[in-house]
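Note: hydrogens, waters and symmetry copies are ignored here, and every other heavy atom, side chains too, is used. Below, chains carry the letters A, B, ... as their sequence lines are ordered, and counting in each starts from 1.
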2 protein chains.
Amino acid sequence: MSNLSISEENYLKAIFHLYKHGEGIGTNAIARHLDTKPASVTEMLKKLADKKLLTYEKYQGVVPTRKGFTLALGVIRKHRLWEYFLVEKLKLKWDEVHEIAEQLEHIQSDLLVEQLDAYLGFPKLDPHGDPIPDKDGKMCAMNCCCVSEIKPNSNARIFGVKNHTSAFLKHLEKLNLTIGKTFTLVNRNDFDQSVELVLNKQTMHISKEVAENILVEKLK
Amino acid sequence: MSNLSISEENYLKAIFHLYKHGEGIGTNAIARHLDTKPASVTEMLKKLADKKLLTYEKYQGVVPTRKGFTLALGVIRKHRLWEYFLVEKLKLKWDEVHEIAEQLEHIQSDLLVEQLDAYLGFPKLDPHGDPIPDKDGKMCAMNCCCVSEIKPNSNARIFGVKNHTSAFLKHLEKLNLTIGKTFTLVNRNDFDQSVELVLNKQTMHISKEVAENILVEKLK
DNA sequence: ATATTTTTTTAGGTGCGACTAAATTATATT
DNA sequence: AATATAATTTAGTCGCACCTAAAAAAATAT
């Protein structure tokens with residue numbers, strides 16, 4: 001029975017995300033992700049290594065083990081199920097749920113999670129377009145990319161977001177750039193990487209920062 | 001903004017319950033309630049007194065302040081709403097929800113609580129018959145007593161329970177003594193305070209311990 | 001290849017919430 | 001009222017998860 005503290009779960013989650021985004025899992029990166037200091041990370045890595053949740057050698061970085069992976073996925077599963085619940089059942093807005101789910105993801109009860117999943121109808125995607133791992137950690141493959149990666153003159157449908165902060169999501173809401181919307185990217189400006197797109201026959205400008213954080217699936 | 005730790009919330013809750021049941025709020029009693037040691041309680045009482053959640057003077061015991069009272073009620077509200085949710089929506093059994101609600105009650109988000117309450121239809125009672133405080137801390141008055149307090153030859157309807165442990169609730173389930181059931185108490189045995197009652201035309205015996213933990217409303 | 005910068009680790013400390021053992025105060029008994 | 005018992009508090013520790021400052025190793029630049 002591996003019962004982890006909230007901190008330990010958060011470390012595993014952070015390491016998982018860095019690993020998946022191929023960002024290189026350094027002490028510094030983890031610290032930035034968790035809003036903590038590198039020295040604290042080093043200590044925790046030793047503890048997690050003792051528990052066989054990752055392999056760690058001084059100065060050599062970190063590799064999660066299968067067990068660590070599985071536990072991280074379990075936390076992510078809970079986070080995304082709760083987000084789905086909060087939006088679909090409790091009618092919270094997509095920019096209101098992240099902080100709450102950060103708390104709910106640490107509730108320990110397998111029974112609870114499985115019943116919640118069933119109650120929600122085994123959803124595949126959370127309100128931000130992220131795939132929800134099933135009971136066995138499997139999740140649907142994602143075939144999407146950032147707006148900053150698609151070519152001018154292509155059509156795309158908004159699939160999800162990379163940034164989950166309330167500020168960003170509210171901004172998207174204001175621009176009417178929500179999940180499911182389709183648009184045509186008409187131009188990318190070389191000097192600042194901002195893009196022009198047409199949505200509902202209206203032309204709009206979005207900054208590089210915004211473009212990098214919107215995930216789309218290409219159409220046709 | 002008074003943001004309490006989980007420990008602090010648990011102390012307030014324990015003190016509230018002792019206070020309400022008129023059990024005398026001693027360091028010892030609180031420790032027993034929280035499965036901790038009296039010395040630890042003393043320290044925490046000082047901290048809670050500093051935060052004006054109770055008044056405390058050495059060796060003189062404790063009195064919760066209005067603020068402490070309100071915060072305790074808030075935690076209890078959340079506990080009971082979550083229990084209701086777990087049973088009514090997720091279909092957990094009444095003996096499976098207490099532990100989980102002990103965790104969920106510490107989730108911090110006013111918005112979440114109010115939406116949950118609305119989603120559940122503003123329930124007045126939780127699955128164990130305990131009243132759920134509303135937004136303002138008001139809850140319906142309870143007019144019930146223990147089976148150990150009613151007289152032979154009276155009819156009663158089961159209203160709730162005092163003991164929330166899984167063991168006790170499973171026991172009741174087995175005896176078919178669940179909320180809403182009505183019975184006639186036919187006799188109380190002097191030597192062990194056990195009682196005989198008739199439910200669905202069947203006579204059954206229940207121990208003093210069980211009788212003390214079943215709440216009933218008297219009929220006719 | 002050496003020097004500089006960045007990253008990572010160690011050493012030593014802090015606050016929280018628990019603990020044990022010992023001292024103190026309150027309560028009950030005779 | 002004196003004494004025994006029970007409740008409470010103090011004093012001193014501990015583990016966890018964080019911190020800062022300084023040392024060590026790795027990466028980068030010259």
Side-chain angles (χ1 to χ4, degrees), chain A residues 1-15 18-19 21-64 68 71-72 75 102-103 105-106 108, chain B residues 1-15 18-19 21-64 68 71-72 75 102-103 105-106 108:
Chain A
M1 297 286 100
S2 43
N3 243 3
L4 302 185
S5 72
I6 290 176
S7 270
E8 289 170 328
E9 290 193 339
N10 284 334
Y11 273 90
L12 283 185
K13 208 172 39 130
I15 291 165
L18 291 169
Y19 188 87
H21 293 174
E23 294 178 40
I25 319 175
T27 309
N28 257 323
I30 298 170
R32 209 175 313 118
H33 217 268
L34 291 172
D35 194 25
T36 178
K37 295 286 179 293
S40 313
V41 175
T42 300
E43 278 189 71
M44 183 57 96
L45 293 183
K46 287 180 191 165
K47 207 195 305 180
L48 294 175
D50 284 348
K51 297 193 177 184
K52 311 283 186 207
L53 302 175
L54 47 81
T55 59
Y56 164 69
E57 276 186 277
K58 271 193 192 186
Y59 298 103
Q60 303 308 304
V62 138
V63 183
L71 290 174
V75 179
E102 288 282 307
Q103 299 179 62
E105 71 188 5
H106 301 294
Q108 313 255 213
Chain B
M1 297 289 98
S2 43
N3 244 1
L4 301 186
S5 72
I6 290 176
S7 270
E8 289 170 327
E9 289 193 340
N10 283 334
Y11 274 91
L12 283 185
K13 208 171 42 128
I15 291 165
L18 291 169
Y19 187 87
H21 293 171
E23 293 178 43
I25 319 177
T27 309
N28 257 322
I30 298 171
R32 208 176 315 118
H33 218 268
L34 291 173
D35 193 27
T36 179
K37 297 286 178 291
S40 314
V41 175
T42 301
E43 280 189 70
M44 184 56 96
L45 293 184
K46 287 179 190 165
K47 206 195 306 180
L48 294 174
D50 283 351
K51 296 194 179 184
K52 311 283 186 208
L53 303 175
L54 46 81
T55 59
Y56 165 69
E57 276 186 278
K58 271 194 194 183
Y59 298 102
Q60 304 307 304
V62 138
V63 183
L71 290 175
V75 178
E102 288 283 307
Q103 299 178 61
E105 72 189 3
H106 301 293
Q108 313 254 213

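- Surrounding OH of A:Y56 are more than 12 heavy atoms belonging to other residues, nucleotides or ligands, all under 6.0 Å away.
- You'll find that the side chain of A:Y56 is closest to C:dT9, out of D:dA7, C:dT8, C:dT9.
- Atom pair B:L18:CG and D:dA7:P shows a separation of 14 Å (rounding to whole Å applied).
- Protein atom OH of B:Y59 is 6 Å distant from nucleotide atom P of D:dT9, rounded to whole Å.
- Shown here are the side-chain hydrogen bond (donor to acceptor under 3.5 Å, both in side chains) partners of B:E102, two or more places apart in sequence or in another chain: B:K13, B:H98.
- In this entry the distance linking NZ of A:K46 with P of D:dC16 reads 14 Å, nearest Å.
- Between the P atom of C:dG15 and the CD atom of B:E8 lies a distance of 16 Å, rounded to the nearest Å.
- In this structure, A:N28 places its CG atom 18 Å from P of D:dA25, rounding to the nearest Å.
- Near DNA chain C, meaning a heavy atom under 4.0 Å from it, residues 29-45 of chain B has B:T36, B:K37, B:A39, B:S40, B:E43 in order of number.
- Distances shorter than 4.0 Å separate some side-chain N or O of B:T27 from OP1 or OP2 on D:dT9.
- Within the nucleic acid shown, A:Q60 comes within 4.0 Å of sugar-phosphate atoms alone, with no base atom in reach, counting heavy atoms only.
- Phosphate proximity of C:dA18 to B:S7: present, with a side-chain N or O under 4.0 Å from OP1 or OP2.
- A straight line from NZ of B:K51 to P of C:dG15 spans 14 Å, rounded to a whole angstrom.
- Taking both residues in full, the closest heavy atoms of B:Q108 and B:L4 are given as OE1-O, 3.5 Å, listed atom of the first, atom of the second, then distance.
- For A:L4 and D:dG15, the CG to P distance is 20 Å, given to the nearest whole Å.
- Distance A:N3 CG to D:dC16 C1': 16 Å, rounded to the nearest Å.
- Listed nucleotides: D:dA7, C:dT25, C:dT10. Nearest to the side chain of A:K58: C:dT10.
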